[in-house]
Number of protein chains: 2
Amino acid sequence: MAELNERSQNILEAIVKDYIASAEPVGSRAITRRHNFNLSPASVRNVMADLEEMGLLCSPHTSAGRIPTEKGFQYYIDTLLQVRDLTDTQKKQLRKSYRFSGMKMEDIMQEVGRILSGLSKYAGLVMVPKFASTVFRQIEFVRLSHGRLLVIYVSETGLVQNKVIKADSNLDQRQLEKISNYLNRELNGLTIQEVREKLKKEMQEEKTLYDQLRKKALSLSCAALQDEVEDQLYVTGTSLMLEQPEFSSPDEMRRLIQTFESKKILIDLLDRSQSAQGVQIFIGSDIDLKGCSLISANFSNRKGALGALGVVGPMRMDYSQVVPIVDFTAQLVSRVLDREAE
Amino acid sequence: MAELNERSQNILEAIVKDYIASAEPVGSRAITRRHNFNLSPASVRNVMADLEEMGLLCSPHTSAGRIPTEKGFQYYIDTLLQVRDLTDTQKKQLRKSYRFSGMKMEDIMQEVGRILSGLSKYAGLVMVPKFASTVFRQIEFVRLSHGRLLVIYVSETGLVQNKVIKADSNLDQRQLEKISNYLNRELNGLTIQEVREKLKKEMQEEKTLYDQLRKKALSLSCAALQDEVEDQLYVTGTSLMLEQPEFSSPDEMRRLIQTFESKKILIDLLDRSQSAQGVQIFIGSDIDLKGCSLISANFSNRKGALGALGVVGPMRMDYSQVVPIVDFTAQLVSRVLDREAE
DNA sequence: TGTTAGCACTCATCTCTTGTGAGTGCTAAT
DNA sequence: ATTAGCACTCACAAGAGATGAGTGCTAACA
């Protein structure tokens, strides 16, 4: 991106801010009225023409004002955006909302989503801890019927996953208990990722092993943990998005709701953000959410990244306000999870 | 409802059917064209005026055709609707979609919802088995920290519920095992409802009991099972509703999405239908879904009612088509659950 | 040379008008 | 009892100004 002189920057910033506030195209006169740059509308127009040439602005039609393009927003976020930190009062209030003691993981996540969307007035997303990186705490088997077996897996953070598997051999409850005892001893404190690797190694080493119990335990736990569990996503406050003027037309509404309904796009997006640290902002066609932006952050406990949360809003959302909310929320959730795990 | 002569019935039926097909007000001429009653439009108009007087029809404005009122729909459903059974081919196809072996309960329910909304082109609802009426199979305790205890409860159908409780006394894993063994033996085969009653009784009888283990077991399981678990509801295909012309205005869309988002209204509704047998139809202001109808049915296994499923569509939805789908689906799900449980 | 006033021009939006057509209710004839 | 005929209503679409916000360009100005 070419350098912009100070005047251009000021004007771009003014346009972006005005547009964020009004959702309407911004005209040259409006700018001179609302900000006192000591410039005439005509001069502002010249600058605006330049900014349009650079692809930072565009006008919906000849006689409307300008609106920032995606590139314009990107520039704004990269170089002009100043995120003010939350005030202590706000922080305190947020902390107060996060009294999760005695709630189970799913409910916590849902509640976090609600709070996020409530604060931001946009849609809140929370992706629950990725299965592969959770830390093993306990595994239990429950016999159902026809050799079908319910496997219940509990992570250190109290996340419960369950899965039905087929066990060919007819194991009785007694044997199952032995097996789960064995596994609980053996796998304690490892992440699922590590458990998988360990199992794989052992399976190879002990192919010819005569220890029946161990053999069965290995094959059972393999079956239980082999395939990736689909990430679970909680979406809250989609209807708030429908209040935004950019989604006021029926077609846009339908598109938006369909997107939120499928969840797949959102999961991919949050997955992508998983690798990075801190708050991330995805804009527009970056993501498959036309006209939207996503502000996301990971949460984690001491053992590493666990999940991601964020806010989806219109591209012109109030970044300076939402970014710190997302950031602080992610930190709070991380702390809660640490506390729970300890 | 006053009796209607045959001609009036025929005309009412024609109007309802045409309106279901077109979502437009139906005029007198349109009726004589599409159905041959050997009547002139003027005669039809006379009848329509009568039907309007009775509150079965209304016209949006003077020079539009008539549309059925809520009462009109009610009359149609009660006395005119003929539900054709599914053809064998359709049944076979449906059965083929329902191969759920090896899936866990939540996934089954979600899939059922998807199929329902896919077939009906409206929104599908599935409410998971009511906790209180599930049959106890197994209970497990997992220690988390600070005396917080994760209780995992498994029903006979493989439904897993979990909950975090506070256990004041410091129990080690060994004692917990003993307790769960004791409870598993003691409570096997009872519904949660029965378990609760039993616990209550025993707690009273054995207040002064010196058997420490038993006492702890009782108080733990009481804490674990005491409060009602919120019914879980799966909603699918809301975006399909937005395609319907009655919800094409932004305001209607917002209202609809908000309703679906809160879920509470829908849960109450399905709860209400729980008591009855077979397919039920709720119309319009009966329920808090303006302009919508709900077709619902319960599913159950041999032990009794477990949950409910249904389809929410516009009031003018194609009842003759959707009713048998909902009916047959409920039967299929019941059978699947029986098979799983056996 | 950068800035600004002035001006012609564009174009979405609102309002007002008019025409059209589907549908109605009433009346009189069959 | 049924129906043809007719006047009437009213939503909706199309067209015509009027309005106003905003632009680009040019020429004058500091």
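Protein chains get the first letters and strands the later ones, always in sequence-line order, with residue 1 at the start of each.
- When the P atom of D:dT3 is taken as reference, atom CZ of B:F37 falls 13 Å away, rounded to whole Å.
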What does nucleotides 21-30 of chain D look like as a protein-contact string, B for base, S for sugar-phosphate only, - for none, at under 4.0 angstrom between heavy atoms? BSBB------
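- When the C1' atom of D:dT2 is taken as reference, atom CG of B:D50 falls 14 Å away, rounded to whole Å.
- Minimum interatomic distance between B:G65 and B:S59 (heavy atoms only, all atoms of both residues): O-CB, 3.4 Å.
- Residues satisfying the side chain to side chain contact (heavy atoms under 4.5 Å, CB included) criterion with B:A23, sequence neighbours excluded, are B:P245, B:E246, B:R316.
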So which protein N/O to nucleotides 27-30 of chain C N/O distances come out below 3.5 Å?
none

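- Of all heavy-atom pairs spanning B:D18 and B:V26, the tightest one is CB-CG2, 3.8 Å.
- Atom CD1 in B:I31 sits about 14 Å away from atom P in D:dT3, given to the nearest Å.
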For the pair B:S43 and B:N46, evaluate side chain to side chain donor-acceptor pair (under 3.5 Å) and give the outcome as yes or no after the intermediate values. CA-CA 5 Å; B:S43 307; B:N46 289 329; 5.3 Å; no
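- Contact detail for B:S293 and B:M317: the closest heavy-atom pair is O-CE, 3.4 Å.
- Shortest non-hydrogen contact noted between A:D318 and A:Y122 is N-OH, 3.7 Å.
- Checked options A:I77, A:V326, A:L125; the residue passing with A:I295 is A:V326 (criterion: side chain to side chain contact (heavy atoms under 4.5 Å, CB included)).
- The interatomic distance linking B:H61 (NE2) with D:dT9 (C1') rounds to 10 Å, in whole Å.
- With hydrogens and angles disregarded, no donor-acceptor distance shorter than 3.5 Å links the side chain of B:Q258 to the backbone of A:S239.
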